[in-house]
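All remarks here apply to the structure that follows.
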Number of protein chains: 2
Amino acid sequence: MNQPLRMTKQRRLILEELLKNKSHPSADEVYRLVRARLPNISLGTVYRNLELLSESGLIGKLELSGVAKRFDGTVEEHYHVRCVQCGQVRDVEVAPLPEIHVAVQDASGYEIFAHRLEFRGLCPQCRKRRGIGGIEPDAAQSLSDEMGSASTRSSR
Amino acid sequence: MNQPLRMTKQRRLILEELLKNKSHPSADEVYRLVRARLPNISLGTVYRNLELLSESGLIGKLELSGVAKRFDGTVEEHYHVRCVQCGQVRDVEVAPLPEIHVAVQDASGYEIFAHRLEFRGLCPQCRKRRGIGGIEPDAAQSLSDEMGSASTRSSR
DNA sequence: CTACCACTTAGTAGTAGTTACTATTATCAA
DNA sequence: TTGATAATAGTAACTACTACTAAGTGGTAG
């Protein structure tokens with residue numbers, strides 16, 4: 001489709017950092033990680049390469065709920081959870097649900113190509129810390145406001 | 001919880017436009033709509049009121065996949081489809097799936113509060129137009145790149 | 001009806017994340 | 001080794017949004 005990417009020092013380092021990092025860093029986080037090894041790399045280079053690498057299928061790109069894009073060393077399909085406390089994004093080991101496309105297609109008249117499913121909650125570490133430390137009591141409330149909360153209420 | 005909002009001309013117009021508009025406009029789109037009726041309204045006013053109105057539960061706020069926030073005249077829970085061609089966001093009439101929280105909770109150790117499910121495809125109008133007009137042939141391809149495509153492929 | 005004042009506004013400046021541009025440099029096929 | 005072309009560093013610009021401030025207004029108490 002498009003010619004192979006030249007493997008520059010910058011591109012290789014970006015790819016390396018993404019493959020060894022399981023936490024789906026944002027472009028800025030990748031920038032900081034790579035700059036530790038190549039101090040004068042340009043932020044623009046990081047952005048351009050993340051884009052090119054995800055176009056060529058070497059990495060995955062996540063666009064989650066209104067905040068900075070994040071990038072993913074593993075390309076296979078999966079869903080994500082974000083911790084509302086520490087902000088970390090992690091993969092969820094749960095079976096995908098492609099059959100739902102048919103239901104949506106019938107209900108909406110759209111031709112459905114893809115879907116994204118994203119969870120929000122507290123990660124194990126923050127759950128522990130919550131018992132001792134201080135998390136604001138209505139985190140769940142404000143969180144479901146923010147997400148439109150397709151979860152508990154069932155009226156329509 | 002908090003005192004009732006003063007019903008100013010600006011606030012009323014913003015609310016009116018949202019209630020009669022089914023397409024989940026972005027803040028900027030609301031700005032344009034309201035400005036047609038009140039030409040010197042400030043963009044900041046639109047942003048602040050969308051925030052206040054959604055806080056007070058009069059409208060809903062959507063934060064979809066990396067782009068501008070969108071606002072919603074209907075407050076009840078539902079999922080959304082976005083057309084990859086024209087960008088319109090619409091509601092999907094499909095039953096919510098709260099049971100999945102348990103599965104994710106067991107699999108990840110997270111305490112799950114909420115989830116968001118979002119579809120991408122071609123709306124009925126654009127499906128028709130595609131037959132006649134010219135849509136780039138690999139729209140579905142680039143789209144699934146963009147969404148991480150938790151859809152067709154099933155390896156892991 | 002009038003006066004008050006906290007809430008709200010218009011206008012503008014500032015911010016974060018991202019993209020675009022340009023002159024210089026590096027990759028890699030021949 | 002060389003040369004076309006892709007990629008880079010650095011910077012400017014852009015978009016979506018938030019913060020700030022002086023002036024204006026809605027709604028209540030008198």
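As a basis for the values below, the full set of heavy atoms in this structure was taken, side chains included, without hydrogen atoms, waters or symmetry mates.
Checking side-chain atoms of A/Thr45 against main-chain N and O of A/Ile41 turns up no donor-acceptor pair under 3.5 Å.
Between A/Lys69 and C/dT19 there is a side-chain polar atom (N or O) within less than 4.0 angstrom of OP1 or OP2. One finds no side-chain N or O of B/Gln10 lying less than 4.0 angstrom from the OP1 or OP2 phosphate oxygen of D/dT25.
The side-chain contact (heavy atoms from CB on, under 4.5 Å) search around A/Arg90 returns B/Tyr110, not counting sequence neighbours. The side-chain hydrogen bond (donor to acceptor under 3.5 Å, both in side chains) test applied to B/Glu51 returns B/Lys61, not counting sequence neighbours. Residues passing the side-chain hydrogen bond (donor to acceptor under 3.5 Å, both in side chains) test with B/Glu17, sequence neighbours excluded: B/Lys20, B/Arg37. Scanning for salt bridge (charged side-chain N to carboxylate O under 4.0 Å, His left out) contacts around B/Arg35 gives an empty result, with sequence neighbours left out. By the salt bridge (charged side-chain N to carboxylate O under 4.0 Å, His left out) test, B/Asp28 is found to be paired with B/Arg32, residues two or more places apart in sequence or in another chain being considered. Scanning for side-chain contact (heavy atoms from CB on, under 4.5 Å) contacts around B/Asn21 gives B/Ser23, B/Pro25, B/Leu33, with sequence neighbours left out. The side-chain contact (heavy atoms from CB on, under 4.5 Å) search around A/Leu52 returns A/Leu5, A/Arg11, A/Arg48, A/Asn49, A/Glu55, not counting sequence neighbours.
Inter-axis angle, ends of the helix from C/dC1-D/dG30 to C/dA30-D/dT1, five pairs per end, rounded to 10 degrees: 30°.
For the pair A/Ile100 and B/Phe119, the minimum side-chain heavy-atom distance is below 4.5 Å.
With values rounded to the nearest 0.5 angstrom, B/Gln10 atom CD is found 9.5 Å from B/Ser42 atom OG. Interatomic distance, B/Ile59 CD1 to B/Leu53 CG, rounded to the nearest 0.5 Å: 5.0 Å.
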remark   = A correct 5'-to-3' footprint of nucleotides 24-30 of chain C, with B, S and - meaning base, sugar-phosphate only and no protein heavy atom under 4.0 Å, is --BBS--
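Contacts between residues 40-52 of chain B and DNA chain C, defined by a heavy-atom separation below 4.0 Å, involve B/Asn40, B/Ile41, B/Ser42, B/Thr45, B/Arg48, B/Asn49, listed by number. The stretch residues 11-20 of chain A has no heavy atom under 4.0 angstrom from DNA chain C at all.
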inquiry  = Show, in sequence, the C-alpha distance, side-chain angles and deciding distance for A/Asp72 and A/Leu18, and conclude whether the side-chain contact (heavy atoms from CB on, under 4.5 Å) test is met.
reply    = CA-CA 7 Å; A/Asp72 193 333; A/Leu18 263 170; 6.0 Å; no
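Sequence neighbours left out, the pairs with a member in residues 4-36 of chain A that pass ring pair (Phe, Tyr, Trp, His ring centres under 6.0 Å) are A/His24-A/His80.
In this entry the distance linking CG of B/Asp28 with C1' of D/dT18 reads 15 Å, nearest Å. Distance B/Arg70 CZ to D/dT15 P: 16 Å, rounded to the nearest Å. Atoms CG (B/Leu53) and P (C/dT8) sit 10 Å apart, rounded to a whole Å.
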